Every structure is written in C-alpha cells, then in structure tokens.
Amino acid sequence: MEVTRAEKERVRDDLFEQVMTPTNVTDAWKRVKANGGAAGVDGMEIGDFPDFARRHWETIAAKLREGTYKPSPVRRVLIPKGRGRFRPLGIPTVLDRVIQQAIAQVLVELHDPTFSEHSYGFRPGRSAHQAIEAMRTMSLRKGYGGRRCHVVDCDLETFFDTVNHQKMMARLRESVADERLLNLIGKFLKAGAILPDGTYEESQSGVPQGGPLSPLLANILLDELDKELERRGHAFVRYADDFVILCHGPRAAARVLVSITRWLSRRLRLTVNETKSKVVPLAEAAFLGFCILRKKVRWTDRSRTKLKEKVRVITKRTRGVSPQQVMVDLQRHLRGAVNYYACGIPYRDIVELDGWLRRRMRLYYWKQWGRPRTRRRKLLALGIDRAEVHMASRSRKGHWRMSRNSLVHRAMTDAWLHTQGLPDLVKQWVAIRYPNGPKGSAKMA
DNA sequence: TAACGTCGAAC
RNA sequence: AUUGUUCGACGUUA
Ligand SMILES: Nc1ncnc2c1ncn2[C@H]1C[C@H](O)[C@@H](COP(=O)(O)OP(=O)(O)OP(=O)(O)O)O1
Ligand SMILES: [Mg+2]
C-alpha cells in the first residue's frame, strides 16, 4: 500500500516529463498533422512545421522546462452558427496545438477514468448514441416512463468562453500536483486572442474553442456538476454543456432547473442559457438531435428538416454539375448522415425520404436535358416509344410536375437511377438497423 | 487487427 | 475562408 501511494506521487510529480516524452510529442504532432487544420496567428501552416521543429524544438523544449515558454495568442475566427449568430473560434498556432495535444494525451488518462458514468461528450469510447440510449434506458425506469415525466433540458451560455480561470485552475490543482504543468496550462488560458481586425484581446476567462486541450478541461470543470447531480440522486445524462435531468413531474422539474441554475452560477461561475434551457414533457425533449417517443429513440423534426435542406442544396445547383457528380456528393453526405440518424428514423420516414430523393433526382435530369431535342434523344435511349416521346419532350408543364409524370418515371426507373449511382436509402437503413439479415442469425462484429 | 485517406453527426 | 474533442461509416493498404 505504502509503495503504490509513493509510486502514484512520483508519477503525478513527473507529469510534465511524461508530456515531454519524444513519443508523446510525436504522437501529438501526428494528430495535429492529420487534422490538417489552418494556421494560427503566426501564419505557420502544417507543412511548415517539420522544418521549424527540427530547427527550434530544442530551445522550445528548454523554455517549456524552465517555465519561460509563452504561448501565442489564438486567432479569432467567427463562424456562422445559425439564426445570425456566430461562434468565436480561437485557433492556436500549430506549435501550440501540438503542445496542448501532448498535454491532453497525458491528462486524459489521469482524468477520464474518474469521470461520471453519465457524462458522454468529448470522451474517448463514448458517443452521442450511447448518451441518447442512456437517456432512453433511464426513461424506462419506474416513475420516469409515464405522462408525468418531465425533463430539465439545460445548456450553458457560450460555455467555453465563460470558463472561469481561477475555478479551472483550482479544479486542476486537485488532481495535478506538477507545478510546471499547471503553470503552462495557466499560460495557455491567458494567452489572449488576435481579432479579425488585428487587435489584441486579453482572455480574462474562457478556454479557446479550437484548443485541443479545451474539451478535456471543460469536462474536468463540469465533473463537479456531475458529482453534484449524483449527490442529489438525479437521473441525468450530460453531453458537453448540454444535459438532461429526468424528473417525476413538471413542478419538480421546474424546481430542479432553478436550483441547478443557481448552483452553476454560484459554484462554477457558469451561466445557464435561458433561451435554450427549459422544462418539457419527455416526448418533447430534443437531445443530440433525437427525442424519446413511446419508449423509442426518434430523430427530431428539426433533424429531418436539416437533412432534407442539405439534400436540396446538393441537388439545386443545376449549372455545370453532372448528375453523376451530384449523386456522388449525395452518396457520401447521406451515408454519414443516415448512419448517424438511422437509430431514430422510423421505416416510413426512410421510405418517404428515399422516394422524395429519387423524384428530386429525376427532376435534376429533366432540367439538365433542357431543350426538347435532347429530352427526345434521352427518352428514346431509355426505351420510351416515339409517340409518347413526342408529347412529353415538348411538354411545357412545370418541372416538379414532370418529375412525377409516369412516362418520366418509366424512363428513369428506380433501378436505373441506382445503377447511375443514386444511393439506396432504404437498403442502407436496413443494413444498419438489421445488420444480421432477416434471420438475425449471423454473429456480431 | 492495424495504419493512412475521404466523409457524416454531436458539442 | 473554419479550429478542436469524440463517435461512426466508407475507401485504400498490409
Ligand atoms: N465547432 C466547434 N468547434 C470547437 N468547439 C466547439 C464547436 N462546437 C461546439 N464547441 C464547444 C464550444 C462550446 O462552448 C461548447 C458548447 O457548444 P454550444 O452549446 O453549441 O455553444 P456555446 O455554449 O458556446 O454557445 P450557446 O450560448 O449558443 O450555447 O462546445
Ligand atoms: Mg451552450
């Protein structure tokens, strides 16, 4: 016992050297390189880094060890977040990303095993699917399934930007004894930012949205929230700054929301987003793009609308893009999106979506063919007889109506569209939902 | 099983 | 132009 405790002390105090290990640093660099991200405030691209590192790593390592290394400010880039709002990214330099990544790799092994079972965001081996499934399982427990079940759906306001430095460092000090490492992390927090107009801005609070270490720091801070929710015996699931608490009724839920809001503000100096946070009946609680309806996971109307909108954009730009190219784009987009949502898509939705997609693609071809002469030629080539072709090719009906026309349908059959490269959504859905085939006989991977 | 690459989703 | 963490799918290779 005495030996293991002493050993642990040693490892804790040696964390900094663990970060600086050549294998750890090269792993960190590999990751930064693989991400292929943009340059930071110094303008150094990923491609420039190996040369720079060969020349300067020794002196940088020395400065890091002496505690005299000064991280560069992050580069502030505003990206649209919908509804006219913007997300302020903080992009560290390539060098600082490597260093932060190296720190994260060491700290994650120390901290992640101690995190709550009910926390899912930014954590290795844990996914959004597991989080929503955990929520579903909780809702099945006695007392949470019925009509009375209400959910506190909580989200923090500009979460990363509002992380309190003092609170963050105090929390880190509880688990990290190495002063050099704490010092370095503190410097990263205070590095500041260069705004798009070139002016410097101090960072009095916040972890950069874009720092490789930031998600882990966020979880280390909110671990205290998890512990508090556990202490109070709440049925909750957290994904980053987004968490749900299942309650036995609307009044209890309302009390919990008020209480947790106050606790977060007082204890962690974090603000609950008043507009995003609310108490709703279980069926109306949207979490990670899903909700729980009649004990099943379902994608939200919003998720479906967003997916359709994306398809619309891909199939819109009729100018200059071949149908084949459009379908390649559709293929790879829908493969990923359907793969994510499949667990929440009911069969009738996927059939409807598949039909809508084919119709949209027929419309694309029809528009592409344009002039009556080319329409005539294409229709004949697809095996439609001359008399019918004559009428259809000269049709002045609207395009969307033509896409439903039976002749157009016979020319471009479902099978033909699929041979041209149109993804088969129903097939894909079945492959995900029933991976073992109709008999359910084969073994799992 | 692993490594690289492309892409999707959540935050 | 747009960073990061995590999960997943597909492709190439052995
Ligand atoms: N694209 C991203 N890049 C880097 N970090 C991100 C990204 N998206 C989300 N995050 C991180 C930083 C956010 O503070 C945190 C929570 O996300 P989110 O709730 O969507 O935004 P937010 O909390 O910053 O603003 P809001 O007030 O709109 O909730 O997750
Ligand atoms: Mg938020």
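Naming: A, B, ... by sequence-line order, numbering from 1 per chain. Worth saying up front: this structure is predicted, and the values here are computed from it rather than measured.
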When rounded to the nearest Å, what value does the distance between C1' atoms of B/dC4 and C/U3 take?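 That atom pair is separated by 22 Å.
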Would you list the pairs meeting ring pair (Phe, Tyr, Trp, His ring centres under 6.0 Å) in which at least one residue belongs to residues 53-95 of chain A, sequence neighbours left out?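 Pairs touching residues 53-95 of chain A that pass the test: A/Phe52-A/His56.
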Protein-nucleotides 4-11 of chain B N/O pairs closer than 3.5 Å?
residue: B/dA9; atom: O3'; partner: A/Tyr341; partner atom: OH; Å: 3.0
residue: B/dA10; atom: OP1; partner: A/Tyr341; partner atom: OH; Å: 2.9
residue: B/dA10; atom: O4'; partner: A/Tyr340; partner atom: OH; Å: 3.4
residue: B/dA10; atom: N3; partner: A/Tyr239; partner atom: OH; Å: 2.9
residue: B/dC11; atom: O3'; partner: A/Asp241; partner atom: OD1; Å: 2.7

Between the side chain of A/Gln101 and the main-chain N/O of A/Pro212, is any donor-acceptor distance below 3.5 Å?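 Answer holds: no.
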If you look only at pairs with a residue in residues 238-265 of chain A, which of them pass as a salt bridge (charged side-chain N to carboxylate O under 4.0 Å, His left out), with sequence neighbours excluded?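 Checked against salt bridge (charged side-chain N to carboxylate O under 4.0 Å, His left out) - neighbours excluded - the pairs reaching residues 238-265 of chain A are A/Asp226-A/Arg238.
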Excluding sequence neighbours, so at least two apart, what forms salt bridge (charged side-chain N to carboxylate O under 4.0 Å, His left out) with [X]?
{"X": "A/Glu109", "answer": "none"}
{"X": "A/Arg83", "answer": "none"}
{"X": "A/Glu352", "answer": "A/Lys308"}
{"X": "A/Arg359", "answer": "none"}

Have a look at [X] and say if it touches a base, only the backbone sugar-phosphate, or nothing, with a 4.0 Å heavy-atom cut-off.
{"X": "A/Asn219", "answer": "nothing"}
{"X": "A/Leu89", "answer": "base"}
{"X": "A/Gln101", "answer": "sugar-phosphate"}
{"X": "A/Arg31", "answer": "sugar-phosphate"}
{"X": "A/Gly37", "answer": "sugar-phosphate"}
{"X": "A/Pro196", "answer": "nothing"}

Give RNA chain C the dot-bracket treatment, 5' to 3': Watson-Crick (N1-N3 with N6-O4 or O6-N4) or G-U (N1-O2, O6-N3) under 3.5 Å, [ ] crossing, | other strand. ...|||||||||||
With sequence neighbours left out, write down each residue that passes side chain to side chain donor-acceptor pair (under 3.5 Å) with A/Glu309, or none if nothing qualifies.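 Partners of A/Glu309 under the side chain to side chain donor-acceptor pair (under 3.5 Å) test: A/Arg312.
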Taking the side chain as every heavy atom from C-beta outward, state whether A/Val151 and A/Ile292 have any atom pair closer than 4.5 Å.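 A/Val151 does not reach A/Ile292 side chain to side chain.
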Going 5' to 3' along RNA chain C, which are the first and last nucleotides with any atom under 4.0 Å from a heavy atom of chain A?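 It runs C/U2 to C/C10.
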Pick the closest RNA chain C nucleotide for A/Leu213 and for A/Gly125 by heavy atoms, then say which residue is nearer the 5' end.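 Counting from the 5' end, the first nearest nucleotide belongs to A/Leu213.
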Considering only residues two or more places apart or on different chains, which pairs with a residue in residues 286-300 of chain A satisfy side-chain hydrogen bond (donor to acceptor under 3.5 Å, both in side chains)?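 For residues 286-300 of chain A: A/Trp299-A/Asp349, A/Thr300-A/Ser303.
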Enumerate, atom names and distances included, each donor-acceptor pair closer than 3.5 Å involving a side-chain atom of residues 31-43 of chain A, sequence neighbours excluded.
residue: A/Asp42; atom: OD1; partner: A/Met44; partner atom: N; Å: 3.1

